[in-house]
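Here's the structure we're looking at; comments come further down.
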Amino acid sequence: MDGLHQLEVIILLLGVVLALTTLAQKIVVPYPILLVIGGLVLGLVPGLPVVTLRPDLVFLVFLPPILWAAAYFTSWREFRYNLRPISLLAVGLVLATTAAVAYVARLLLPGMGWAEAIALGAIVSPPDAVSATAIARRLHIPRRIVTILEGESLVNDATALVLYRTAVGAAVGGSIAFGPTVVDVVFAGVAGVAIGLAVGVAARWALGATQDSFTEIAITLLAPYVAWVVGEQAHASAVLACVAGGLYVRQYFSEAVSPVTRIQARAVWDLLIFVLNGFIFILIGLQLGALRQAVPTERFGTLLATGAIISLTAILVRLGWVPLAALIPRWVSRTIRTRDPLPPWPNIFLIGWTGMRGIVTLAAALALPLTTNTGVPLSFRAEIILISFSVILATLVVQGLSLAPLIRALRLEDDNRALEEEEMRAREHAAAMALTRLEELSEQPWSPADHVSRLRDHYTRRRHQFANNGAVDPECAAETVEAFRRLRHETLTAERVALIGMRDNGTISDDVLHRLEHELDIEALRLGIGERRVTREPGR
C-alpha cells in the first residue's frame, strides 16, 4: 500500500476502534475482546486490503509507552509485597509452560526440532501486559489479584524473550546451550533494570529543569522510547527497562511537576494508551487474513486444531502451577504462612484462569526469521505463527469472555475496604497538616484574618469528617465517603450549570468559563469524582 492508502486504512481502523469500544461499553464486554473479534470479521471482508503487522513496529512503537504506563500505575508497595507470587509466575511459570508446550508441539508436529519447539513455547508462555491491564481493571477483580496479574505480565516478557532469542539463535544455526541462557537471563534482567532506573533519573532531572507543561509532558512521552532503545542496544531487557523506569518516575512525579502538568499529562497519556490499545487488539484480529495467505488452505484447519491443543496445554499448566506456587512456599516456610496466609481458593483459581496472551506473543511469532544462516527456509515458521495466533484467540477471547460470569459465580471477597480506610486516614492527616501550616502562616503580615478563618473552618470540618475512621463501622464509613462525594458532585454540577448558563446568555465569555471550569475540574479530581458527568435536571 502507498502512503495515501495506509492513511486511509489507519483512519478506517480508528473509526472502527471507536465504534467497537462504544459498543463494548453498551453490552458490558471488555473492549479488547470485542476489538479482536471485530478485527477477525474485518479480515474476512472481501476487497479489504490485507494488513500485515510489522514486529519491529510493534516492539518499538506500541510496547514502550504501554509498558511504561502500566508500570506507572502499579503500586510499588503492592508490587514489592507480592514479589514472591509475581516471581513464581513471571519466571517459574514461563519456564514450565515453555517446556510443556515444546514437548506437546513435538508430539503433534513430527519433524519439529527442539529449538523450534522451545521457540514456540517461549512465544506463547507469557500472558500479556496489555491484555491484563485492559481487562482485569474493568471487571472489579480484587485489588491483590490485579496487582499480581499486572506484575506478572510486566516481568514475564523478559524471561520469555530471552528464551525466545536463544531458541531462535539455535534454530537458525546452532545448538541450544542452557548455561549461557541462564547467564543471558540474569544479565538481561539486571542490565534492563539498571537502564530503566538511569532513564528514570534522567527524566526526573529533565522535569526539574523545565517549567513548561508541554515540555514536561513531552519528556514523559520520550522517556519510555529512550529506555527501550538503550535496552535493545545494550542487549538487555528493554521490557524491564520500561517497567523499572515507569516505577521510578511514578515515585517522584508528584514532586517533579505542577498540578496542571499532571492533569494535562494524564489526559494525554490516557488518550495515547487508549488509541494504542485499540489499534493493537484490532490488528491482532486482522492478522487472520495475512495468515490465511501464508498457510496452505489444506493445512489451515489442522493447524488450528493443533493450536487448540497447544492452548489447552498452556491453560492447564497455569491452572496446575498457580495452586502449587501458593501452597509450597507456605508449606516450606512458617514465616510466610504467618505473614501471608493462604488466599481463598476462588482467588487462586481466578489467577490460574486469567492468562490472556496478546500482542507480545503475536509480534514475537511474526519476528521469526525467514531463513537459517545457510539460507534454508526456517522450519515450521508458518505453523508456529498460526499456532501462536490460535493461542491468542483461545486465551483472550474464550477466557476473557468467561471472566465476568466466572467472577460473579466465584463471589470473590472484596479487598478494597483496607484501601478505603487508608484513603480516609490520608485525608484526615492531610487536613491536619494543612491546619498546622495554616496556623504557622496566620502570623504573617500578608495573611488576611478572614481568609485564615475561612480556611481554618474548611480544614477543621474535613479533619473531623475522617478523624473517627477507626471508631466506626468500615461499611458505614465508606457510605459516608460516597455520600460526601455525591453531595460535592451535585454542588460542583450546580456551579458548572450556572457558569454554562451565563456563557450561553452572554454574561461571561468562553475564556472566563474555561478558567473557572478548570478550577472545578481540579476539585473534582481531588475528590475522586473526576469521571462523573454533568447532568442537568429537567427544565434547568
Side-chain angles (χ1 to χ4, degrees), residues 32 58-60 62-95 97 122-138 141 143-164 185-186 188-197 199-200 220 223-225 227-228 231-232 236-251 253 269 272-273 276-277 280 318 322 325 351 354-361 363-364 395-396:
V58 172
F59 283 129
L60 180 59
F62 288 89
L63 284 186
I66 290 175
L67 290 169
W68 188 280
Y72 179 89
F73 289 108
T74 296
S75 168
W76 171 242
R77 185 192 70 173
E78 302 300 325
F79 183 90
R80 186 175 54 192
Y81 178 79
N82 293 286
L83 187 59
R84 174 180 44 80
I86 289 173
S87 300
L88 289 172
L89 294 174
V91 180
L93 180 56
V94 167
L95 295 175
T97 304
I123 289 170
V124 303
S125 61
D128 189 57
V130 181
S131 304
T133 302
I135 292 178
R137 287 187 178 270
R138 287 166 172 78
I141 296 175
R143 184 168 52 96
R144 188 180 186 190
I145 295 179
V146 174
T147 299
I148 292 174
L149 291 175
E150 290 184 346
E152 171 201 4
S153 63
L154 288 173
V155 180
N156 60 13
D157 290 336
T159 307
L161 290 178
V162 171
L163 290 174
Y164 165 80
V185 170
V186 174
V190 173
V193 170
I195 290 171
L197 294 177
V199 172
T220 67
Y225 291 104
W228 184 275
E232 285 288 297
S237 171
V239 172
L240 287 183
C242 289
V243 171
L247 286 171
Y248 178 87
V249 169
R250 179 65 186 92
Q251 302 305 306
F253 199 64
W269 272 92
L272 174 65
I273 299 303
L276 292 179
N277 280 345
I280 279 176
R318 184 178 181 90
V322 171
I351 293 175
T354 309
M356 291 81 67
R357 275 63 173 178
I359 194 65
V360 173
T361 291
T395 56
L396 184 59

Ala241: what forms a side chain to side chain contact (heavy atoms under 4.5 Å, CB included) with it, not counting sequence neighbours? Ile195, Ala227
Out of curiosity, Arg144 CZ to Ile148 CD1, how far, rounded to the nearest 0.5 Å? 5.0 Å
Do Leu63 and Cys242 come within less than 4.5 Å of each other through their side chains, counting heavy atoms only? no
Residues at least two apart in sequence or cross-chain that pass side chain to side chain contact (heavy atoms under 4.5 Å, CB included) with Phe79, listed by chain then number, are Thr74, Trp76, Leu83, Ile86, Val155
I'd like to check the side chain to side chain contact (heavy atoms under 4.5 Å, CB included) partners of Val94; sequence neighbours left out, ordered by chain and number. Thr98, Ser125, Asn156, Thr159, Ala160, Leu163
For Leu154 and Leu240, which heavy atoms make the closest approach, and how far apart are they? O-CD2, 4.3 Å
Spacing of Thr147 atom OG1 and Arg77 atom CZ [to the nearest 0.5 Å]: 9.5 Å
To the nearest 0.5 Å, what is the distance between OG1 (Thr97) and CG (Leu93)? 4.0 Å
Between Ala244 and Gly196, which heavy-atom pair has the shortest distance, and what is it? CB-CA, 4.2 Å
If we ignore hydrogens and angles and just use 3.5 Å, is the side chain of Arg318 paired with the main-chain N or O of Thr354 as donor and acceptor? yes
Output for pair (Leu67 CG, Asp157 CG), nearest 0.5 Å, gives 6.5 Å
Mind checking side chain to side chain contact (heavy atoms under 4.5 Å, CB included) for Leu60 and listing every partner two or more places apart, or none if nothing turns up? Trp228, Val229
Heavy-atom pair of closest approach, residues Pro65 and Tyr225: CG-OH, 3.4 Å
For Arg357 against Pro126, the heavy-atom pair lying closest together: CG-O, 3.8 Å
Test of understanding: with side-chain hydrogen bond (donor to acceptor under 3.5 Å, both in side chains), list the residues that count as partners of Arg84, not counting sequence neighbours. Asp340
Separation between CD1 of Ile66 and CH2 of Trp269, rounded to the nearest 0.5 Å: 9.5 Å
Quick one: list whatever passes side-chain hydrogen bond (donor to acceptor under 3.5 Å, both in side chains) with Tyr164, sequence neighbours left out. none
Can you see which heavy atom on Phe59 is nearest to which on Ala363, and at what distance? CZ-CB, 3.8 Å
Which residue in the set Leu149, Val322, Asn82 passes side chain to side chain contact (heavy atoms under 4.5 Å, CB included) when paired with Leu89? Val322
Within a strict 4.5 Å, meaning less than it, do heavy atoms of the Tyr72 and Thr220 side chains meet? no
Closest contact, heavy atoms only, Ala191 versus Ala236: CB-CB, 3.5 Å
